[in-house]
There are 2 protein chains.
Amino acid sequence: MPSEALKARREGLLFLEHFLPYRLSVLSNTVSGRIAKSYEERFQLTIAEWRVMAVLGRFPGLTAAEVTERTAMDKVQVSRAVSRLKETQRIEQRAVEGDRRARHLFLTDQGHEVYAEIVPLALDYERQFTAGLKAAERAQLDRLLDKLAAAAATL
Amino acid sequence: MPSEALKARREGLLFLEHFLPYRLSVLSNTVSGRIAKSYEERFQLTIAEWRVMAVLGRFPGLTAAEVTERTAMDKVQVSRAVSRLKETQRIEQRAVEGDRRARHLFLTDQGHEVYAEIVPLALDYERQFTAGLKAAERAQLDRLLDKLAAAAATL
DNA sequence: CCAACATAGTTTCAAATGAAACCATTATCA
DNA sequence: TGATAATGGTTTCATTTGAAACTATGTTGG
């Protein structure tokens, strides 16, 4: 931490720009905002919808509740995203044997096409975004974020 | 990156849980949500209001436009936060010489009291949150976030 | 069996948000 | 000057969001 920040701390001040929760929030909002805009423009897709598609691309047949578990979204968000994705024909539902409340969710052919277009874009965006980091730095970043996520979850 | 993620990448899949923008978003939402809850409970203060107070604690007399520059908030958010903070008597306004549109913003005595209570809480939260990191790791984290923020800003 | 409870997913309603329009004032410059 | 544009800040309106209530179905314990 810069010494000015340490000094401020002794004086009971807080430098927002050195405060980790603030920095994470600004960074995350910048990144997500940019991504949201490009998904919206190209695919008329919100981040929530994209998350549902992403997880279904990898785990076909999850139910909405299972999508909820895997995406840090709540069930209302998932429900809304799913209903929009049905309207736009990107996903379809099939019965769950033995439980008429839930339905398995799958990407449609159209959904797979969109998915196949977005994945490289997303990965490319991530690559550009981290282009300034060496491989070791990137690995270190992942480690640090793991630790922080674990700490945040238990606090 | 774990090898399963690399393999997925070759296959045109994306592992949301390894995708940096997603991880940042989840982490930031967890952290901010927790902080928001505690500020709300103890001080009936939103994150936006707290940001305004934080920056005024350090830079008394900023105008709303200057607060906007320093907080990654837009002017509507700042305007709303300021009007609530006036209502709750945490800040007050004084004329800007030579410009009748803008007003200087200051914490009131009450505002200073709240500020003096929150700052240690916030710093303590940050300390707990990063307790698992060694000093060198924390420094590295700050460096990495600086790089990412710079990259995100220019993309 | 059935009463109570739990779960999957949807809907409702109030509050939060963002974009754009807006008012007042100040700056620019022909 | 005076017209035009720019700035500081607020308000309006439509949309999004979240919490809670709700429907339907499934599970559990007496």
Side-chain angles (χ1 to χ4, degrees), chain A residues 25-26 28-30 32-37 39-41 44-52 55-56 59 61-88 91-106, chain B residues 25-26 28-30 32-37 39-41 44-52 55-56 59 61-88 91-106:
Chain A
S25 170
V26 172
S28 168
N29 289 342
T30 304
S32 291
R34 215 160 274 278
I35 292 182
K37 201 175 154 211
Y39 290 179
E40 170 57 35
E41 282 171 3
Q44 290 81 55
L45 209 61
T46 65
I47 294 271
E49 291 166 51
W50 154 243
R51 284 186 184 176
V52 170
V55 81
L56 291 180
F59 301 108
L62 292 184
T63 64
E66 290 163 341
V67 170
T68 299
E69 284 168 27
R70 292 188 169 278
T71 55
M73 298 163 73
D74 68 30
K75 65 182 187 172
V76 174
Q77 280 181 290
V78 171
S79 172
R80 284 172 177 154
V82 163
S83 81
R84 283 190 299 265
L85 288 170
K86 278 189 295 182
E87 278 171 28
T88 52
I91 67 173
E92 61 189 3
Q93 304 180 314
R94 298 185 209 152
V96 170
E97 256 184 74
D99 191 340
R100 280 179 298 168
R101 294 170 305 180
R103 275 140 297 172
H104 293 297
L105 302 171
F106 297 88
Chain B
S25 170
V26 172
S28 168
N29 290 341
T30 304
S32 291
R34 217 160 272 278
I35 292 183
K37 201 173 155 209
Y39 291 179
E40 169 59 32
E41 282 171 2
Q44 290 80 53
L45 208 60
T46 64
I47 295 270
E49 292 166 50
W50 155 242
R51 284 187 184 174
V52 171
V55 80
L56 292 178
F59 302 107
L62 293 183
T63 64
E66 290 162 341
V67 170
T68 298
E69 284 169 25
R70 290 186 171 278
T71 55
M73 297 162 75
D74 68 30
K75 65 183 186 171
V76 175
Q77 279 182 291
V78 171
S79 172
R80 285 173 175 153
V82 163
S83 82
R84 281 190 300 265
L85 288 170
K86 280 189 293 184
E87 277 171 28
T88 51
I91 67 174
E92 62 190 3
Q93 303 180 315
R94 297 184 210 153
V96 170
E97 258 184 71
D99 191 340
R100 280 180 296 169
R101 293 169 304 179
R103 275 140 296 174
H104 293 296
L105 301 171
F106 298 89

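Sequence lines set the chain letters: A, B, ... in the order given, protein chains first and strands last, and positions in each chain run from 1.
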In whole angstroms, the gap separating P of dT7(C) from CZ of Arg103(A) amounts to 18 Å
Heavy-atom closest pair, residues Arg51(A) and Ser25(B)
NH2-OG, 3.0 Å
Rounded to whole Å, please give me the gap between CG in Leu105(A) and C1' in dG9(C).
11 Å
Taken to the nearest whole Å, CG/Asn29(B) to C1'/dG18(D) is 14 Å
How long is the line joining CD of Glu87(B) and C1' of dT10(D), in whole Å?
14 Å
Shortest non-hydrogen contact from Val26(B) toward Ala72(A):
CG2-CB, 3.8 Å
Starting at atom CD1 of Ile91(B), determine the distance to atom P of dG9(D), rounded to an integer number of angstrom.
11 Å
How long is the line joining CG of Leu62(A) and P of dA8(C), in whole Å?
13 Å
Tyr39(A) side, atom OH; Ile47(A) side, atom CD1 - distance, nearest 0.5 Å
6.5 Å
Under 3.5 Å, is there any donor-acceptor pair linking the side chain of Arg101(B) to the base of dT26(C)?
no
Examine the base of dT25(D) for any acceptor or donor lying under 3.5 Å from a partner atom in the side chain of Arg100(A), and report the outcome as yes or no.
no
What distance separates Met73(A) CE from Thr68(A) OG1, expressed to the nearest 0.5 Å?
7.5 Å
If you look only at distance, which donor and acceptor atoms sit under 3.5 Å apart when one is on a side chain in residues 77-87 of chain B and the other is two or more places apart or in another chain?
{"from": "Gln77(B)", "atom 1": "OE1", "to": "Asp74(B)", "atom 2": "N", "distance (Å)": "3.2"}
{"from": "Ser83(B)", "atom 1": "OG", "to": "Arg80(B)", "atom 2": "O", "distance (Å)": "3.2"}
{"from": "Arg84(B)", "atom 1": "NE", "to": "Glu49(B)", "atom 2": "OE2", "distance (Å)": "2.6"}

What contact category does Thr63(B) fall into here, base, sugar-phosphate, or nothing, at under 4.0 angstrom with non-hydrogen atoms?
sugar-phosphate
Write down the atom of Arg70(A), the atom of Leu62(A), and the distance for their closest heavy-atom approach.
CD-CD1, 3.7 Å
Residues from residues 67-81 of chain B lying under 4.0 Å of DNA chain C - heavy atoms:
Val76(B), Arg80(B)
Given atom NE2 of His104(A) and atom C1' of dG9(C), what is their separation to the nearest angstrom?
15 Å
With the side chain defined as heavy atoms from C-beta on, Asp99(B) is closest, among dG8(D), dT26(C), dA8(C), to dT26(C)
Glu41(A) CD to Lys37(A) NZ distance, which is reported to the nearest 0.5 Å:
5.5 Å
Round to the nearest Å and state the distance from Gln44(B) atom CD to dA15(C) atom C1'.
17 Å
